[in-house]
Chemist: 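First the structure, which I've put down as structure tokens, then a few questions once you've had a look.
Numbered from 1 within each chain, the chains take letters A, B, ... in sequence-line order.
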Amino acid sequence: MSKLNVYNTLTNKTEEFEPQNSPEVRMYVCGPTVYDDCHVGHARAYVSFDVIRRFLEYEGYRVKYVQNFTDIDDKTINRAKEEAVPFREIAERYTRRYFDVMDAIGVQRADLYPTVSGHVEEVIDHVQGLIEAGMAYQVEGDVYYRVKEFANYGCLSGQDIEEMLEGERVEPSAKKESPLDFALWKRSPEDEPGWESPWGRGRPGWHIECSVMGRTHLGDTIDIHGGGQDLIFPHHENEIAQTEGLTGSQFVKYWLHNGFVTIDDDKMSKSLGNFYTLEELYEQFSPAVIRYFILTRQYRNPIDFSFGRIEEAGRAYTRLKKFFVRLKRAEAKSCGPVKVQSDLPDNSEFREKFLAAMRADFNTARALGEISSWMKQWNETLESWRDRKQINRREQEAVTEARHLLDKFTSKVLGLELVDTSEAGSNNEEDLIELLIELRSQARENGDYERADEIRERLRGLGYELHDSSEGTRWELKNG
RNA sequence: GGAGGCGUAGCCAAGUCCGGUCAGGCAAGGGCCUGCAAAGCCCUCAUACGUCGGUUCAAAUCCGACCGCCUCCUCCA
């Protein structure tokens, strides 16, 4: 396993990645609150961590990947009230939709998807433990974390307790000992979901779930904990306090946070109304194109979203897919004793450069750049073979290697499929298109270009593009 | 106010930790191919790094000051 560098929010530094129990990696990513549809921001987060997970596995780590669903929270409860249905119905609906859109964009399933409602018992135990340790206190059915008891509070976000107390934004509460204290357990009103506990009927606070589920499924110390940058404070800060306040050992070794999606350089958010759900976007762009777009930026940097940018990414992605097809076609050329002293592209060099980019904090932008440079070399080579019917053994081996490399890095590591669009469609459909192409070819042979062009145009109108070449006419689906 | 980050060619974007050879993409122009197209491929395209100083043989990269922008400190990926 080669040296892998990751940027750790905890230290604000790039560090060498060394899991506690290599090659095992315990990874936890904060999942969505399932009360509404996913938007581009979610895609950015989960695609980023999906690639990180994929790359770690490529490097030989055995990753245990856990991602929660927050199913009990003000938002799911309110939504349930609005629709007058049980909260579980809301949670189930949006969990299903989450999977629909994330599966489509190539996010591999986590090993485990725990929910808060499935861990209430563990939450109660954890909170009880904190109370016994003097780190928490009960007030009228609520339980709060006593922030001043945790010396390291602020270590992740760089916040200083004193300064936060001076801040105007911290609202004092009559119940809390200190305005910084946060709820571990909340008393439930009669008409809201609740569980019996030593403090009466209530439900878990927001932050506690990740501490409990992380610990339950991955142990006291997690290797990687991920999430959006907005979660650094207070969510992740509180997770550290809650967990370490009880266990006394380091909760997370590497904190990784993805950057935001902005729209016209503004933060995308519900309050601004400038967001797109993935479902909406999929009507206009293929999920793979959106994934490609996301990967054109290193995951920690903000990425500005616009339809024009997505289209741009789509063009670059199409080029990549066509390159893959061209490699396959070249590979299919027969092998013969051709004596050609061609300089073949350096596959090994490319391989190392790609890996180096990924090892530099999962720099997918750079990795895609490396693919492009190498693709350019191959295109020149393939172009020079255009009129040759045969290629020699050495050349064929190089093409095969190139095809394998591209497939492995693009589909397996980056999660971008390289399907041959000309192979899409049902057999019946293919036969029909072939028939039309044949008719058009006859027209062309007879010099009836008017008719030939009409067929081409009408097929284009139906979403099929024809490409004439010396080897005949090929077709493919548009926007594949 | 506190914390984190950003400012690179028409646009997007790597590189900045470990100073020295201008990744890559998109757009644009030219060419090859083609009945014409489309697609594809090739070539051209930038002596670019917010500003001002400093260190150095050498700075996008290090140091200092300043300007502009974003995020977090409140639910948020």
Chemist: Looking only at side-chain atoms of Met164(A), point me to the closest of rA14(B), rA38(B), rC73(B).
Modeler: rC73(B)
Chemist: On RNA chain B, compare the nucleotides closest to Asp160(A) and Gly41(A); which residue's is nearer the 5' end?
Modeler: Asp160(A)
Chemist: Searching all strands shown, indicate the nucleotide that pairs with rG35(B) (Watson-Crick or G-U wobble; both distances under 3.5 Å).
Modeler: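 Result: none.
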Chemist: Say you pick atom C1' in rA65(B) and the same atom in rG25(B); how far apart are they, in whole Å?
Modeler: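 So the two C1' atoms sit 36 Å from each other.
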Chemist: Is there, by distance only and without an angle test, a donor paired with an acceptor across the side chain of Arg456(A) and the base of rA37(B) below 3.5 Å?
Modeler: yes
Chemist: Given rC11(B), rA14(B), rC26(B), which nucleotide is nearest the side-chain atoms of Arg309(A)?
Modeler: rC11(B)
Chemist: Taking 4.0 angstrom as the limit, do Glu312(A) and Arg315(A) come out as a salt bridge?
Modeler: no
Chemist: Work out how far the C1' atom of rC45(B) is from that of rC22(B), and round it to whole angstrom.
Modeler: 13 Å
Chemist: Using a heavy-atom cut-off of under 4.0 Å over every strand shown, decide if Gly228(A) touches base, sugar-phosphate, or nothing.
Modeler: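 It contacts sugar-phosphate atoms only.
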Chemist: If we call it a pair only when both distances are under 3.5 Å in a Watson-Crick or G-U wobble match, what pairs with rG20(B)?
Modeler: rC57(B)
Chemist: What distance, rounded to whole Å, do you find between the two P atoms, one in rG4(B) and one in rU47(B)?
Modeler: 37 Å
Chemist: If you check the Ser372(A) side chain, which of rA14(B), rG24(B), rA77(B) turns out closest?
Modeler: rG24(B)
Chemist: Just compare rC41(B), rG15(B), rC12(B) and give me whichever is closest to any side-chain atom of Glu312(A).
Modeler: rC12(B)
Chemist: Specify the closest pair of heavy atoms between Lys253(A) and Glu18(A), including all atoms of both residues, with the distance to one decimal.
Modeler: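 For Lys253(A) versus Glu18(A), the nearest heavy atoms are NZ-O, 2.5 Å.
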Chemist: In the structure shown, which nucleotide is the Watson-Crick or G-U wobble counterpart of rU51(B), with both distances under 3.5 Å?
Modeler: rA65(B)
Chemist: For Arg326(A) and rC41(B), is the shortest distance between a side-chain N/O and OP1 or OP2 below 4.0 Å?
Modeler: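 For Arg326(A), the contact criterion (side-chain N or O under 4.0 Å from OP1 or OP2 of rC41(B)) is met.
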Chemist: Could you point out which residue of Phe285(A), Tyr292(A), Phe323(A) forms a ring-ring contact (aromatic ring centres under 6.0 Å, His included) with Tyr317(A)?
Modeler: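 Single pass found, and it is Tyr292(A).
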Chemist: Suppose you measure atom P in rA9(B) against the same atom in rC75(B); what distance do you get, rounded to whole Å?
Modeler: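 38 Å, rounded to whole Å.
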Chemist: Using purine N1 to pyrimidine N3 plus N6-O4 or O6-N4 for Watson-Crick, or N1-O2 and O6-N3 for G-U wobble, both under 3.5 Å, which nucleotide pairs with rC75(B)?
Modeler: none
Chemist: If I pick the P atom on rA27(B) and the same atom on rG64(B), what distance separates them, to the nearest angstrom?
Modeler: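 After rounding to an integer number of Å, I get 42 Å for this pair.
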Chemist: To the nearest Å, give me how far apart CZ (Arg359(A)) and P (rA14(B)) are.
Modeler: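 Result: 21 Å.
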Chemist: Is there aromatic stacking of Tyr449(A) against rG35(B), centre distance under 5.5 Å, plane angle under 30°?
Modeler: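 One would call Tyr449(A) stacked on the rG35(B) base.
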Chemist: Could you check which nucleotide pairs with rU44(B) in any of the strands shown, counting Watson-Crick or G-U wobble with both distances under 3.5 Å?
Modeler: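 Its partner is rA28(B).
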Chemist: Arg366(A) side chain: which of rA77(B), rG2(B), rA14(B) is closest?
Modeler: rA14(B)
Chemist: Tell me what Leu466(A) touches on the nucleic acid: a base, only sugar-phosphate, or nothing, going by heavy atoms under 4.0 Å.
Modeler: base
Chemist: With respect to the side chain of Arg386(A), which nucleotide from rC42(B), rA38(B), rC32(B) is positioned closest?
Modeler: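 The nucleotide sitting nearest to the side chain is rC32(B).
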Chemist: According to a strict under-4.0 Å criterion, is Arg297(A) in side-chain N/O contact with OP1 or OP2 of rA13(B)?
Modeler: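 For rA13(B), OP1 or OP2 has a side-chain N or O of Arg297(A) closer than 4.0 Å.
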Chemist: Would you call Phe307(A) and Tyr276(A) a side-chain contact if the rule is heavy atoms closer than 4.5 Å?
Modeler: yes
Chemist: P atom, rG15(B) versus rG54(B): distance in rounded Å?
Modeler: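 So the two P atoms sit 29 Å from each other.
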Chemist: In whole Å, what separates the C1' atom of rG20(B) from that of rG24(B)?
Modeler: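 So the two C1' atoms sit 22 Å from each other.
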Chemist: Report which part of the nucleic acid Arg79(A) touches: base, sugar-phosphate, or nothing (heavy-atom distance under 4.0 Å, all strands).
Modeler: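 Answer is nothing: Arg79(A) stays at 4.0 Å or more from every strand.
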Chemist: Could you tell me which non-hydrogen atom of Asn68(A) sits nearest to which non-hydrogen atom of Cys210(A), and how far apart they are?
Modeler: OD1-SG, 4.0 Å
Chemist: Measure the distance from CD on Glu370(A) to P on rG24(B) and round it to the nearest whole Å.
Modeler: 9 Å
Chemist: Do Arg79(A) and Tyr94(A) get their side chains close enough for a donor-acceptor pair, meaning under 3.5 Å?
Modeler: yes
Chemist: Of the listed nucleotides (rC42(B), rA23(B), rA14(B)), which one gets closest to any side-chain atom of Ser373(A)?
Modeler: rA23(B)
Chemist: Taking atom types as modelled, is there a side-chain donor on Thr381(A) or Gln377(A) under 3.5 Å from an acceptor on the other?
Modeler: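 No, Gln377(A) and Thr381(A) have no side-chain donor paired with an acceptor closer than 3.5 Å.
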Chemist: Classify Arg444(A) by what it touches in the nucleic acid, base, sugar-phosphate, or nothing, heavy-atom distance under 4.0 Å.
Modeler: base
Chemist: Which of these nucleotides, rC41(B), rA38(B), rG2(B), is closest to any side-chain atom of Glu383(A)?
Modeler: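 Closest nucleotide to the Glu383(A) side chain: rC41(B).
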Chemist: Measure the distance from NE2 on His257(A) to P on rG5(B) and round it to the nearest whole Å.
Modeler: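 These atoms are roughly 13 Å apart.
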Chemist: Between Tyr7(A) and rG5(B), is there a side-chain N or O to OP1/OP2 distance below 4.0 Å?
Modeler: yes
Chemist: Any side-chain N or O of His42(A) below 4.0 angstrom from OP1/OP2 of rA77(B)?
Modeler: yes
Chemist: Verify whether one side chain among His257(A) and Thr9(A) offers a donor that lies under 3.5 Å from an acceptor in the other.
Modeler: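 Short answer, yes.
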Chemist: Using the P atoms only, state how far rG19(B) lies from rG30(B), rounded to an integer number of Å.
Modeler: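 One P to the other, the span is 44 Å.
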Chemist: Under 4.0 Å between any heavy atoms, over every strand shown, what does Gly447(A) touch: base, sugar-phosphate, or nothing? Just pick one.
Modeler: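 The answer is nothing, as Gly447(A) stays clear of every strand by at least 4.0 Å.
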Chemist: Taking 4.0 Å as the cut-off, does a side-chain nitrogen or oxygen of Arg474(A) come that near to OP1 or OP2 on rA38(B)?
Modeler: no
Chemist: Just how far, in rounded Å, is P of rC36(B) from CD of Glu450(A)?
Modeler: 17 Å
Chemist: Are any of Arg319(A)'s side-chain N or O atoms less than 4.0 Å away from OP1 or OP2 of rG25(B)?
Modeler: yes
Chemist: Among the candidates rA77(B), rA38(B), rC43(B), find the nucleotide nearest to the side-chain atoms of Lys376(A).
Modeler: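 Closest nucleotide to the Lys376(A) side chain: rC43(B).
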Chemist: With a cut-off of less than 4.0 Å, is there a side-chain N or O of Arg315(A) near OP1 or OP2 of rA27(B)?
Modeler: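 For Arg315(A), the contact criterion (side-chain N or O under 4.0 Å from OP1 or OP2 of rA27(B)) is met.
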Chemist: Nearest to the Glu163(A) side chain among rC41(B), rC17(B), rG2(B), which nucleotide is it?
Modeler: rG2(B)
Chemist: Please state whether the base of rC36(B) and the side chain of Asp468(A) form at least one donor-acceptor pair under 3.5 Å?
Modeler: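 Side chain to base: pair present.
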Chemist: What is the distance, to the nearest angstrom, from the CG atom on Leu355(A) to the P atom on rA23(B)?
Modeler: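 After rounding, the gap between these two atoms is 21 Å.
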Chemist: Any salt bridge linking Lys81(A) with Glu192(A)? Criterion: basic side-chain nitrogen under 4.0 Å from a carboxylate oxygen.
Modeler: yes
Chemist: Donor-acceptor pair under 3.5 Å: do we get one between Asn363(A)'s side chain and the base of rG15(B)?
Modeler: no
Chemist: Regarding Gln229(A), tell me which of base, sugar-phosphate or nothing describes its non-hydrogen contacts under 4.0 Å with the strands shown.
Modeler: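 Gln229(A): no heavy atom of the nucleic acid under 4.0 Å.
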Chemist: Pick the nucleotide of RNA chain B nearest each of Asp230(A) and Asp304(A); which residue has the one closer to the 5' end?
Modeler: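 Result: Asp304(A).
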